[in-house]
Amino acid sequence: MKFDLKSMTRKELEKLSTDVQKALKKAAERDRKFAMAAAQKAAKEHGFELSDITDATKPAKSPTKTTKRPKKPSTPKYANPADKEQTWTGKGRQPQWFKDLVASGKNAADLMI
């Protein structure tokens, strides 16, 4: 079956696309069922049930990947003398208050906590 896509309207193309997507889903399901039947048949030929084989071949999960420790917040190293609530750990981008104080002549060591 051939389609002349150039002569089709947008609506006809959208309908064709929808039909193709449905057909692809049905074909995938049909192929999955065929593969499952073939796998079950192969397992029975060796004296197993498919569930026995698939459970045994599942990789064990690494405990480090599933249980991550939360990061501890860094302790602040610098504080704004005008507002002690404004702190900076010394990591990442410098806050504007820090930049302004250093530009005005303050030494970074003077701002340390």
(message) Less than 4.5 Å apart, side chain to side chain, heavy atoms only: is that true for Leu50 and Met36?
(response)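 In short, these two side chains touch, coming nearer than 4.5 Å.
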Considering residues at least two apart in sequence or located in another chain, which fulfil the salt bridge (Lys or Arg N to Asp or Glu O under 4.0 Å) criterion with [X]?
X: Glu12; value: none
X: Asp83; value: none
X: Lys77; value: none
X: Glu29; value: Arg32

(request) Just grab all the salt bridge (charged side-chain N to carboxylate O under 4.0 Å, His left out) pairs involving residues 14-27, residues at least two apart or on different chains. (result)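 Residue pairs with at least one partner in residues 14-27: Arg10-Glu14, Lys15-Asp19.
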(request) Mind jotting down which residue pairs meet the salt bridge (charged side-chain N to carboxylate O under 4.0 Å, His left out) criterion with at least one end in residues 91-113? Sequence neighbours excluded, please. (result) none
(message) Give me each pair satisfying ring pair (Phe, Tyr, Trp, His ring centres under 6.0 Å) with a member in residues 1-38, each pair once, sequence neighbours excluded.
(response)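 Output for this query is empty, none listed.
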(request) Just grab all the ring pair (Phe, Tyr, Trp, His ring centres under 6.0 Å) pairs involving residues 7-33, residues at least two apart or on different chains. (result)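 The answer is none; no pair qualifies.
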(message) What verdict does the side-chain contact (heavy atoms from CB on, under 4.5 Å) test give for Leu5 and Leu13, after you've listed the backbone C-alpha separation in whole Å, the side-chain angles of each residue and the deciding distance to 0.1 Å?
(response) CA-CA 7 Å; Leu5 300 177; Leu13 289 170; 3.8 Å; yes
(message) Tell me every residue that passes side chain to side chain donor-acceptor pair (under 3.5 Å) with Asp4, counting only those two or more places apart in sequence or in another chain.
(response) Ser7
(request) Any chance you could measure Leu16, atom CG, to Gln21, atom CD, to the nearest 0.5 Å? (result)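 Between atom CG of Leu16 and atom CD of Gln21 there are 10.0 Å.
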(message) To the nearest 0.5 Å, what is the distance between CG on Leu101 and CG on Asn107?
(response)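 Result: 11.5 Å between the selected atoms.
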(message) Using every non-hydrogen atom in the two residues, find where Trp97 and Thr87 come nearest and quote the distance to one decimal.
(response) CZ2-C, 3.8 Å
(message) So, using ring-ring contact (aromatic ring centres under 6.0 Å, His included) as the criterion, who are the partners of Trp88 when residues are at least two apart?
(response) Tyr78, Phe98
(message) Taking CE in Met8 as the centre, count heavy atoms belonging to other residues, nucleotides or ligands within less than 6.0 Å. Is the count above 12?
(response) yes
(message) Show every side-chain hydrogen bond (donor to acceptor under 3.5 Å, both in side chains) that has at least one partner inside residues 37-49, sequence neighbours left out.
(response) none
